[in-house]
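Okay, structure first, notes after.
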Amino acid sequence: MQTDVEGKSVAARPLATPEPQHGRYMISIRDLDLFYGDFKALEDINVDVEHNRITAFIGPSGCGKSSVLRSINRLNDLVKGARVEGQVFLDGEDIYGHGYDVVELRKRVGMVFQRPNPFPKSIYDNVAYGPRIFGVRDRAELDQVVEESLVRAALWDEVKGKLKQSAIALSGGQQQRLCIARVLAVEPEGILLDEPCAALDPIATQRIEDLLQELKKTYTIVIVTHNMQQAARLSDYTAFFMIENQGDPGRIVEFGPTNTIFTTPEDERTERYITGRFG
Amino acid sequence: MMGEMHVPARSRARKTTAKTADTVATVVLWALALVCLAVLGSIIGYILVKGLAVVFDPKFILGKPQAINAGGGILPFLLSSIYLTLLTMVIIMPIGVGAAIYMAEFAGESRITRLVRFGADSLATVPSIVFGLFGLALFVVAFGMGPCLMAGALTLALLNLPAVMRTSEEALRAVPASYREASLGLGASRWQTIRKVVLPSAVPGITTGGILTIGRILGESAALVFTMPLFATKAPTSLFSGGAAIAPNLWYTLTEAITPDAQRIAQGEAAALVILILALNLVARFLAHRYQARQGMVG
C-alpha cells in the first residue's frame with residue numbers, strides 16, 4: 001500500500017491508467033511517439049496529469065522531457081520535421097485530432113520556458129500581450145488583468161510603480177515571474193514549465209517554487225526539472241524519463257506519486273537515478 | 001625576488017612573449033583604427049574647411065541657381081535631394097521590409113530562396129551607372145516619364161532595394177526564437193507574432209539599414225545622371241517634374257557649368273551635402289531611439 005499526496009491509500013500506479021479518465025485528469029498522454037525527421041525522440045509515453053496538482057518530469061539531459069512538454073501545447077509543430085504519433089487528451093479531447101484549435105489549446109495550456117524570455121517591451125505590455133491578442137482593447141479591463149496577473153505571479157509589489165519600464169531591466173527571477181504573469185493573463189487552466197529555475201539563483205528559485213505551490217490551487221501544473229530536490233519538494237506526481245542507449249528514444253521508466261518515486265521506486269533504474277548513481 | 005625563483009624559466013619566458021604579443025597587437029589595432037579616423041577626419045575636414053564659409057552665406061543656401069552668372073544658390077538642389085530621398089524611401093521600405101519578412105519568416109530554406117538571396121547580393125554589387133542606364137531605358141524612355149523626380153526615385157529604389165531587403169532580413173533573423181515561441185505559446189497566430197513581436201524587435205536593425213540607404217541615396221550621382229535633370233532652377237513641383245539633386249549637380253557644376261564661380265559653388269555643395277547627410281542620420285537615429293524607449297526595448 002502507498003499513499004498519495006492527500007495521505008489516502010491508493011493502489012500503486014506505476015504507469016498511467018490504460019483508459020483516460022476525464023474527470024480526474026486534465027491531460028492524458030497515450031502511447032505518444034515523437035519523431036524529429038527519422039530520429040525517434042520519444043517512445044510509448046503514457047502520463048496522466050491530475051487537475052490542481054503539480055506533475056514533475058525528471059531524468060537525465062536529452063531524454064525528451066521537454067519534448068513531451070512541448071507536445072502538450074503543440075509547440076513542436078513549429079519544429080521542422082517534428083511528427084507525433086499517439087494521442088494527447090485535454091479534458092478528453094485529442095489535441096492532435098483533426099481540426100483541433102491550436103490557438104485555443106495554447107490559450108488553455110500556457111508555457112513558461114527555461115530562459116526567461118520577456119518581450120523587449122514594457123512590463124505592462126508583456127502582461128497585456130495575450131489579452132490584446134485575444135481582442136481586449138478596453139484600458140480599464142487591461143489594467144485590471146495586468147494587475148491581477150502580476151499579483152498572482154507574486155511580482156506586483158516589486159513592479160507596481162514602474163509598469164511602463166522595460167521588462168529587460170528586471171532581474172532574471174523577476175523576468176521569470178513576469179513570464180508566468182504573462183501566461184496567467186490569458187487565463188489558462190494548465191501551465192507547463194520547462195526548467196523554469198535553470199537560469200536562476202537559489203533565492204529566485206525559492207520564490208518560483210513558493211509561487212507554484214500557491215498557483216496549483218487554481219491551475220494544473222507540469223514542470224520539467226533537472227533538480228531532483230525540486231521535484232521532491234514541489235510535485236505531487238513524478239515521471240522519470242530515461243534513454244537506454246545513445247540514439248534510443250526517451251521512455252518513461254516510472255510514473256507515480258512523488259513520495260513513492262522518491263522513497264520506494266519500483267524500478268531499479270529510478271532508484272539509481274534519484275540516489276545520484278548515474279545521470 | 002624570492003617568489004619569482006620558483007617560476008620555471010620557460011614558463012616565465014612564455015609569459016613575457018604573450019605579454020609582448022598583447023602589447024604589439026593592441027598598438028597595431030589602435031594604429032589601424034587611428035588611420036581610419038584620420039582618413040575620415042581629413043576628408044570631412046577638407047570639405048568643411050573649403051565649404052563652410054560658402055554654406056553659411058544665406059544667398060548661397062537659400063538662393064536660386066544661376067546657369068550663367070556668378071552668385072547662384074542651391075536651395076532647389078537641397079529640396080530636390082530631400083524630396084528624392086523621401087520618395088525613394090517611401091517606395092523602398094514597404095517593398096524591402098515586406099520581402100524581408102517573406103524571406104525570413106515564410107520562405108524557409110530552399111533552392112529558390114537561396115537563388116533569391118544570391119540574386120539580391122549580386123544585384124547589390126552592380127555599379128550604379130548600370131542602374132542609371134536601366135532607369136533611362138525603362139522609366140525615362142519606355143514609360144515616357146522623361147528625366148524627373150519619379151524616374152530618379154524609381155531608379156534609386158531599384159539600386160538600393162537588394163541592400164534594404166538583405167539588411168532587414170538579417171535584422172528579422174536576429175530576433176531570438178524565444179520571442180516567437182513565447183508569443184505562439186500564448187496563442188498568438190504567426191502573423192500576430194510577426195506584427196507585434198518580431199517586427200518591432202527588428203526595428204533597430206531595419207533602421208540602421210535605412211539610415212545607410214539614406215546616405216547612399218543622398219550621395220548617389222551616377223544613377224541619376226540620366227534619370228533626373230543635372231541642373232534646374234526650381235525644385236520639383238510634382239512627382240513627375242524635373243529638379244536636380246545636389247550630388248549629380250555637384251558633378252555637373254565641376255565638369256560642365258559655365259558660371260565663373262563654379263569652383264566655389266561646388267565646394268559649398270559638398271559641404272552642404274555632408275551636413276545634410278549627417279543631419280538626416282541624426283534625425284533617423286533620434287527617432288529610432290525614441291521608438292525603442294517608448295516600446296520599452298531598452299532597460
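Naming: A, B, ... by sequence-line order, numbering from 1 per chain.
Atom CZ of B:Phe134 is surrounded by 12 or fewer heavy atoms from other residues, nucleotides or ligands within 6.0 Å. Other residues, nucleotides and ligands place more than 12 heavy atoms under 6.0 Å from the CZ atom of A:Phe39. No more than 12 heavy atoms of other residues, nucleotides or ligands shown are found within 6.0 angstrom of CD1 on A:Ile203. Atom CG of B:Leu29 has more than 12 heavy atoms from other residues, nucleotides or ligands within 6.0 Å. For A:Arg115, the CZ atom is loosely surrounded, since the number of other residues' heavy atoms within 6.0 Å does not exceed 12.
Of the atoms belonging to A:Tyr124, not a single heavy atom falls under 4.5 Å from chain B. Only the side chain of A:Val186 comes within contact range of chain B, judged by heavy atoms closer than 4.5 Å.
The distance from atom CG of A:Leu78 to atom CZ of B:Arg180, rounded to the nearest 0.5 Å, is 10.5 Å. A distance of 7.5 Å separates CD1 in A:Ile133 from CZ in B:Arg195, rounded to the nearest 0.5 Å. Here the CD-OG distance, from B:Gln292 to A:Ser166, works out to 10.0 Å after rounding to the nearest 0.5 Å.
Among B:Ala293, B:Ser183, B:Ala188, the residue making the largest number of heavy-atom pairs under 4.5 Å with chain A is B:Ser183. Of the listed residues B:Ala182, B:Ser178, B:Ser201, B:Ser189, the one with more heavy-atom pairs under 4.5 angstrom with chain A than any other is B:Ala182. Your options are A:Ala185, A:Gly110, A:Pro120, and the one with the most heavy-atom pairs under 4.5 Å with chain B is A:Pro120.
Salt bridge present: A:Arg70 and B:Glu181 bring a charged side-chain N and a carboxylate O closer than 4.0 Å.
Across A:Met111, A:Arg182, A:Arg106, a single residue satisfies side chain to side chain contact (heavy atoms under 4.5 Å, CB included) together with B:Leu186, and that is A:Arg182.
Within the 4.5 Å cutoff, the side chain of B:Pro200 has no heavy atoms near those of the A:Phe119 side chain.
With hydrogens and angles ignored, the 3.5 Å screen pairs a side-chain donor or acceptor of A:Lys121 with a backbone N or O of B:Lys196.
The shortest heavy-atom contact between A:Pro118 and B:Tyr179 is O-CE2, 3.5 Å.
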